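Working notes for the structure below.
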Number of protein chains: 2
Amino acid sequence: MDIVTTHARRSDALSKERIVETAIEILDAGGERAMTFRALTARLATGAGAIYWHVANKDELLAATTEDVITRVMTDVPDDSDPEEAIRAIALGIFDAIDAHPWVGAQLSREPWHSAMLHIFEGVGAQLQALGIPQRAQFNSGSALVSYILGVAGQNAANARLLPRDTDRTAFLDAVATKWAEHDPAHYPFTRQIAAQLRDHDDREQFLAGIDLILAGIATLR
Amino acid sequence: MDIVTTHARRSDALSKERIVETAIEILDAGGERAMTFRALTARLATGAGAIYWHVANKDELLAATTEDVITRVMTDVPDDSDPEEAIRAIALGIFDAIDAHPWVGAQLSREPWHSAMLHIFEGVGAQLQALGIPQRAQFNSGSALVSYILGVAGQNAANARLLPRDTDRTAFLDAVATKWAEHDPAHYPFTRQIAAQLRDHDDREQFLAGIDLILAGIATLR
DNA sequence: ACCTGAACACCGTTCAAGT
DNA sequence: ACCTGAACACCGTTCAAGT
């Protein structure tokens with residue numbers, strides 16, 4: 001289509017892109033519960049049918065928003081010559097994206113073999129090849145890394161959902177730690193003991209520690 | 001309350017237990033979408049208010065169903081004298097439970113630091129202590145194992161949701177593999193190459209391989 | 001104390017009708 | 001081709017009223 005010869009289009013013309021963009025704004029501002037078709041139509045000043053013209057249904061729309069965020073992460077991840085370092089960078093990129101958009105975490109762990117996950121899988125896999133992991137072990141290794149990342153993603157999303165809008169993090173961890181410590185010591189000795197460490201642990205660091213554990217395990221296969 | 005002196009109660013008297021039990025039946029039979037309060041009231045021959053008398057809301061009910069399934073898993077897991085073997089047994093127990101009740105996978109990865117997850121965390125943690133992992137490393141190690149388990153759980157649930165009721169597994173994997181192979185080879189070399197292995201891989205084996213990778217990483221810390 | 005069920009305030013999705 | 005918006009068939013949750 002020739003931009004020069006076409007009439008100037010309404011700057012707010014509807015498109016899947018613009019719908020996805022708006023959906024992301026709503027999700028960021030109000031979370032998953034706020035992202036309804038009514039909120040979308042209000043914000044886009046249109047009818048429900050207009051959105052369905054560009055998007056099959058809500059699931060597809062949510063998948064597209066997730067894909068959008070993850071694509072950006074995978075594009076922005078700095079290229080590192082050290083494959084292990086590159087895997088850490090991918091993982092941290094996703095972690096930070098979910099920190100900024102908690103709903104992505106929930107969406108990632110709801111989606112199956114699709115789009116967004118494949119992006120991650122592909123990024124990790126390339127580094128596994130560079131690491132010299134034997135062919136037969138690459139599938140299991142990549143799958144383990146991705147599953148772990150998705151697991152943490154889901155947890156982070158769940159925590160964000162639980163948190164009353166911008167709670168103080170220290171206060172939150174304190175509350176959780178107190179709850180953990182309340183459990184019957186006879187049945188929960190480990191949890192009780194760990195409760196103390198919960199208060200001043202760093203989610204991001206712990207996430208990376210997990211990645212490193214898996215990488216150490218993978219190194220074993222070489 | 002004295003059972004002898006009280007009048008015989010209706011055998012179908014309502015209780016949280018019975019509500020949870022019925023909810024599980026509905027979830028098993030029809031999946032998460034089928035588990036509505038209307039389905040529950042119909043099955044229990046009661047009104048919505050009666051259920052709310054025993055349960056705060058749907059989230060609490062779903063958490064209770066998950067807790068119920070996981071508690072059973074953790075109770076049934078055979079005690080093994082080898083801590084690594086015990087961790088494998090816990091992980092496989094959860095895997096099989098989610099295979100039987102796919103909705104548990106979705107629920108687990110939606111819930112935060114709560115109940116069901118703590119059960120798993122505690123079970124794994126005890127074995128980490130038995131393994132002789134230093135105190136400071138136990139938290140990260142346990143958290144990595146649990147995150148990985150939850151990640152796989154979520155994926156399995158997502159796959160089950162995708163699957164048209166009792167699809168042939170081979171046909172399903174074939175379809176996924178074909179889709180993977182369709183991706184642009186320039187952008188998805190790894191995925192394309194792995195597509196072949198997808199067809200005859202075993203989810204359960206792959207899950208266990210991931211656990212072993214993490215265990216191998218943890219062994220490094222000793 | 002426990003249960004009933006109509007009513008409320010929402011949803012996602014469809015579809016005849018418009019331009 | 002693309003958009004409008006009323007209508008449909010659902011939801012979870014509440015609450016006055018019953019026993």
Side-chain angles (χ1 to χ4, degrees), chain A residues 1-3 5-24 26-27 29-66 103 106-107 110-111 161-162, chain B residues 1-3 5-24 26-27 29-66 103 106-107 110-111 161-162:
Chain A
M1 216 177 288
D2 192 346
I3 289 180
T5 55
T6 46
H7 292 291
R9 28 188 111 186
R10 283 161 54 204
S11 65
D12 60 343
L14 220 44
S15 65
K16 181 165 177 179
E17 256 175 40
R18 216 165 79 82
I19 294 172
V20 167
E21 199 179 302
T22 309
I24 290 179
I26 296 175
L27 285 162
E32 313 170 50
R33 296 184 52 130
M35 222 299 276
T36 67
F37 274 79
R38 274 151 179 92
L40 257 184
T41 54
R43 190 102 156 208
L44 290 166
T46 182
I51 292 171
Y52 277 94
W53 182 263
H54 296 276
V55 148
N57 51 40
K58 193 175 181 179
D59 278 348
E60 196 205 282
L61 175 54
L62 286 176
T65 58
T66 309
W103 51 273
Q107 202 48 36
R110 279 179 43 88
E111 267 179 70
R161 209 179 301 128
L162 197 71
Chain B
M1 218 175 293
D2 193 344
I3 290 180
T5 57
T6 46
H7 291 293
R9 28 187 112 187
R10 285 161 53 204
S11 66
D12 59 344
L14 221 45
S15 65
K16 181 162 177 181
E17 256 174 41
R18 216 164 78 83
I19 294 172
V20 168
E21 198 179 303
T22 309
I24 292 179
I26 297 175
L27 285 161
E32 312 170 50
R33 296 183 52 130
M35 221 299 275
T36 68
F37 273 78
R38 274 153 179 88
L40 257 185
T41 54
R43 191 103 156 205
L44 291 167
T46 183
I51 292 171
Y52 278 94
W53 182 263
H54 295 276
V55 147
N57 51 41
K58 193 175 183 180
D59 278 347
E60 196 206 281
L61 176 54
L62 285 175
T65 58
T66 310
W103 51 273
Q107 203 47 37
R110 277 179 44 87
E111 268 179 69
R161 207 180 301 125
L162 197 72

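All values derive from a computational prediction rather than experimental measurement. Atom set for the values below is all heavy atoms of this structure, side chains included, hydrogens, waters and symmetry mates excluded. Lettering follows sequence order; numbering is per chain, from 1.
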Problem - Sub-4.5 Å side-chain heavy-atom contact between B:Thr36 and B:Thr41 - result: no
Practice task
Taking only Lys NZ, Arg NE, NH1 and NH2, and the carboxylate oxygens of Asp or Glu, determine whether B:Glu60 and B:Lys16 approach each other closer than 4.0 Å.
Solution key: yes
Problem - B:Lys16 NZ - C:dC3 P separation (whole Å) - result: 15 Å
Practice task
Look at the side-chain N and O atoms of B:His54 and state whether any lies under 4.0 Å from the OP1 or OP2 oxygen of C:dC3.
Solution key: yes
Problem - Heavy-atom side-chain proximity of B:Arg110 to B:Asp59 below 4.5 angstrom - result: yes
Exercise for the section: Check whether any side-chain heavy atom of B:Leu14 sits under 4.5 Å from a side-chain heavy atom of B:Trp53, and report yes or no. Expected result: no
Collect all protein-nucleotide pairs involving nucleotides 10-13 of chain D in which both atoms are nitrogen or oxygen and the distance is under 3.5 Å.
unit_1	atom_1	unit_2	atom_2	d
D:dC11	N4	B:Arg38	NH2	3.2
D:dG12	OP1	B:Lys58	NZ	2.5
D:dG12	OP2	B:Phe37	N	3.0
D:dG12	N7	B:Arg38	NH1	2.7
D:dG12	O6	B:Arg38	NH2	2.9
D:dT13	OP2	B:Tyr52	OH	2.7
D:dT13	OP2	B:Lys58	N	2.9
D:dT13	O5'	B:Tyr52	OH	2.9

Practice task
Take atom CH2 of B:Trp53 and atom P of D:dA17, then tell me their distance rounded to the nearest Å.
Solution key: 17 Å
Handout entry: Partners passing side-chain hydrogen bond (donor to acceptor under 3.5 Å, both in side chains) against B:Glu21 (at least two apart in sequence or in another chain)
Key = none
Practice task
Ignoring hydrogens and angles, tell me if any N or O in the side chain of A:Lys58 forms a donor-acceptor pair with the backbone of A:Phe37 under 3.5 Å.
Solution key: no
Completion exercise
Paired runs of 3 or more consecutive Watson-Crick or G-U pairs involving DNA chain D, with both pairing distances under 3.5 Å, are C:4-8 with D:12-16, C:12-16 with D:4-8
Practice task
Check step by step if side-chain contact (heavy atoms from CB on, under 4.5 Å) holds for A:Arg18 and A:His54.
Solution key: CA-CA 10 Å; A:Arg18 216 165 79 82; A:His54 296 276; over 6 Å; no
Practice task
Can you see which heavy atom on A:Trp103 is nearest to which on A:Thr65, and at what distance?
Solution key: CZ3-OG1, 3.3 Å
Exercise for the section: For B:Arg18 and C:dC2, give me the distance from atom CZ to atom P, rounded to whole Å. Expected result: 15 Å
